[in-house]
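Written below as structure tokens is the structure these notes are about.
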Amino acid sequence: MGESNNRILQNKTFLLETLSEDPNIILQHVQEAKLITKRDYNNISDITIRQNKVIELLDKLMGKGEETCRQFIDLLRKESILEDFPKLKDHAVIAFPAAFPAMPHTSPVQEVSQYKIEQIPRGICVIINNVDFATMAERRGSDEDQKCLAEVFNWLGFKVVEHRNKTAAEMKNLLKDVGKTIDGDCFVCCILSHGEREGVCGTDGALISVDEIREPFNGNNCQRLAGKPKLFFIQACRGKRNQQHMHVQADAPDDGESEMEDDFDITIPVDTDFLVARSTTDGHYSYRSPKEGSWFIQSVCRNLKQHCPKGTDILTILLSVNNEVAREGLRSKQMPIHEVAMRKNLVLLPVNH
């Protein structure tokens with residue numbers, strides 16, 4: 001990967017947030033500069049969700065190679081672009097020393113490196129799917145989530161280990177055992193269950209907190225994963241409230257509602273390199289279709305399938321998931337949330353990519 005291509009990849013989250021303010025303007029400039037074809041322009045223009053439009057544009061440019069990426073960065077330095085997107089002015093993505101000297105009294109943003117993901121299998125993906133409960137309703141549709149997750153993470157090169165119907169104590173012991181033997185470049189844990197504000201339910205109704213889920217894999221307890229990314233996807237309610245909804249202006253007339261290595265010695269905190277993506281915010285319901293699976297997990301799988309082959313980093317993919325799930329439903333609404341303690345970008349490519 002060339003310098004310009006890598007610079008775009010490392011700053012993709014910033015570019016997504018900045019250019020999504022008015023994607024049609026940057027898309028028009030890119031087309032006028034002949035960095036994409038007219039057909040590419042038309043296809044991307046047809047995308048109604050602003051963030052998805054920028055994701056597709058960046059992926060298209062990166063797929064065209066180093067020279068196109070270099071020309072795109074040159075384009076971002078033009079005064080006409082900087083007037084429309086002033087956040088670009090002081091950002092490292094366009095700050096090649098020879099072309100754009102640093103402004104006085106400012107600290108340049110440090111470039112973000114990328115986690116090294118080379119092993120095959122990448123690591124282990126543990127899926128715990130609680131469907132049948134002693135005192136709570138059966139979680140119909142959760143098998144669809146389990147099936148999709150297993151398929152996607154197999155495709156991404158993980159060894160998938162599936163468990164079903166575990167009590168809270170069994171979940172704790174299972175995760176402790178995994179933490180003692182695990183290896184690989186990355187770890188993924190997916191938990192599908194009922195939940196409350198205090199944590200995730202076992203099939204016996206007892207709770208396991210997110211801290212207890214994560215603890216077996218921190219630096220004190222799992223040296224094999226020290227400095228490596230650890231991802232947790234949790235599909236569970238966190239309370240009994242519905243998300244309030246509000247009306248926002250559509251991005252387009254038809255955009256309506258529908259029914260993400262350093263080689264020298266360093267020290268890092270024990271609770272670093274974690275990403276915990278949860279299906280809903282504190283205190284709220286998390287929705288699941290008995291036939292099609294949950295809004296959150298199905299969106300995660302769909303977006304991983306769409307964007308991982310393009311080299312899109314996980315945090316950018318989760319932004320797309322947030323936006324997609326937030327648009328689900330008419331009266332019932334849901335907002336996923338993720339807690340990030342990552343130091344680098346994480347890109348998961350399919351093993352045959």
Side-chain angles (χ1 to χ4, degrees), residues 1 5-6 8-20 23 44 47-63 112-117 122-123 125 127 145 148-158 160 185-191 228-235 258 260 273-281 286 293-328 334-351 353:
M1 183 179 290
N5 200 310
N6 192 51
I8 293 174
L9 179 61
Q10 291 174 346
N11 294 277
K12 201 169 185 182
T13 301
F14 166 77
L15 287 171
L16 174 61
E17 294 173 350
T18 301
L19 301 180
S20 291
I44 298 173
I47 299 173
T48 55
I49 298 175
R50 288 184 295 174
Q51 288 181 325
N52 290 356
K53 187 176 293 190
V54 176
I55 290 172
E56 187 64 28
L57 174 61
L58 295 177
D59 288 343
K60 180 66 67 176
L61 291 168
M62 293 173 66
V112 179
S113 56
Q114 191 168 303
Y115 288 106
K116 188 183 296 184
I117 307 293
R122 310 297 193 200
C125 170
I127 302 175
D145 287 346
C148 285
L149 287 168
E151 177 186 322
V152 168
F153 283 104
N154 264 314
W155 173 67
L156 290 173
F158 287 82
V160 176
D185 287 334
C186 183
F187 171 65
V188 177
C189 178
C190 308
I191 298 182
K228 299 177 181 180
K230 298 162 278 281
L231 312 182
F232 295 80
F233 297 92
I234 301 176
Q235 166 61 42
S258 60
M260 337 126 181
D273 304 298
F274 279 92
L275 171 62
V276 181
R278 307 186 68 173
S279 57
T280 190
T281 49
S286 183
S294 65
W295 294 358
F296 174 64
I297 294 297
Q298 292 299 314
S299 180
V300 167
C301 293
R302 190 161 49 245
N303 278 277
L304 288 172
K305 288 178 183 177
Q306 181 179 353
H307 298 298
C308 281
K310 303 172 184 176
T312 306
D313 67 276
I314 291 298
L315 291 180
T316 302
I317 291 173
L318 286 177
L319 281 176
S320 181
V321 170
N322 285 1
N323 192 39
E324 191 172 278
V325 174
R327 292 169 177 266
E328 287 279 5
Q334 180 177 327
M335 185 65 235
I337 189 169
H338 48 268
E339 175 187 336
V340 181
M342 305 273 275
R343 298 174 298 117
K344 305 177 184 181
N345 284 323
L346 174 60
V347 174
L348 296 175
L349 293 171
V351 290
H353 189 266

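Heavy-atom basis, side chains included; hydrogens, waters and symmetry copies ignored. Everything numeric here is computed off the predicted structure, so don't read it as measured data.
Relative ring orientation between Phe233 and Phe296 is described as tilted, the plane-to-plane angle lying within the 30° to 60° band. Between Phe153 and Phe158, the angle of the ring planes goes over 60°, which puts this pair in the perpendicular group of the 30/60° scheme.
Closest heavy-atom contact between Leu319 and Leu16: CD1-CD2, 3.6 Å. Between Cys186 and Ile117, the shortest heavy-atom contact is CB-CD1, 4.1 Å. Residues Asp313 and Leu9 approach most closely at OD1-O, 4.5 Å, considering heavy atoms. Annotation for Pro229 and Met342: closest pair CB-CE, 4.2 Å, computed over non-hydrogen atoms. Residues Val340 and Leu315 approach most closely at CG2-CD2, 3.7 Å, considering heavy atoms. Here the closest non-hydrogen pair linking Val54 and Ser20 is CG2-OG, 3.6 Å.
Gln306 is linked by a side-chain hydrogen bond (donor to acceptor under 3.5 Å, both in side chains) to nothing, counting only residues two or more places apart in sequence or in another chain. For Lys228, there are no side-chain hydrogen bond (donor to acceptor under 3.5 Å, both in side chains) partners two or more places apart in sequence or in a different chain.
Checked by atom type, the side-chain pair Gln235/Ser286 shows a donor-acceptor distance below 3.5 Å.
A salt bridge links Lys12 with Asp59: the distance from a Lys NZ or Arg NE/NH1/NH2 to an Asp or Glu carboxylate oxygen falls below 4.0 Å. A salt bridge does not link Glu339 with Arg278: none of the charged nitrogens is closer than 4.0 Å to a carboxylate oxygen.
The backbone N or O of Cys308 sits nowhere less than 3.5 Å from a side-chain atom of Thr312 that would complete a donor-acceptor pair. Of the possible polar contacts, none joining the Gln51 side chain to the Glu17 backbone as a donor-acceptor pair under 3.5 Å is found. Not one N or O on the side chain of Arg343 forms a donor-acceptor pair closer than 3.5 Å with the backbone of Ser113. Under the 3.5 Å distance criterion, the side-chain polar atoms of Asn303 are left unmatched by any main-chain donor or acceptor of Ile317.
One finds the CG atom of Leu15 at 11.5 Å from the CD1 atom of Ile55 (value rounded to the nearest 0.5 Å). The CG atom of Asp145 sits 13.5 Å away from atom CH2 of Trp295, with the distance rounded to the nearest 0.5 Å. Note that CD1 of Ile234 is 9.5 Å distant from SG of Cys190, once rounded to the nearest 0.5 Å. The line from OG of Ser320 to CD1 of Ile49 is 7.0 Å long, rounded to the nearest 0.5 Å. One distance of note links CG of Asn323 with CE of Met335; it measures 8.0 Å at 0.5 Å rounding. Remark: Leu346 CG to Gln114 CD distance equals 8.0 Å, nearest 0.5 Å.
With Phe187 as the aromatic partner, Lys230 does not meet the cation-pi criteria of under 6.0 angstrom to the ring centre and within 45 degrees of the ring axis.
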Criterion side-chain hydrogen bond (donor to acceptor under 3.5 Å, both in side chains) on Ser299 and Glu324, from CA distance to verdict: CA-CA 7 Å; Ser299 180; Glu324 191 172 278; 2.8 Å; yes

Step-by-step side-chain contact (heavy atoms from CB on, under 4.5 Å) determination, His338 to Asn322: CA-CA 9 Å; His338 48 268; Asn322 285 1; 3.5 Å; yes

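Counting heavy atoms from C-beta outward, Ile8 and Asn6 have side chains that stay 4.5 Å or more apart.
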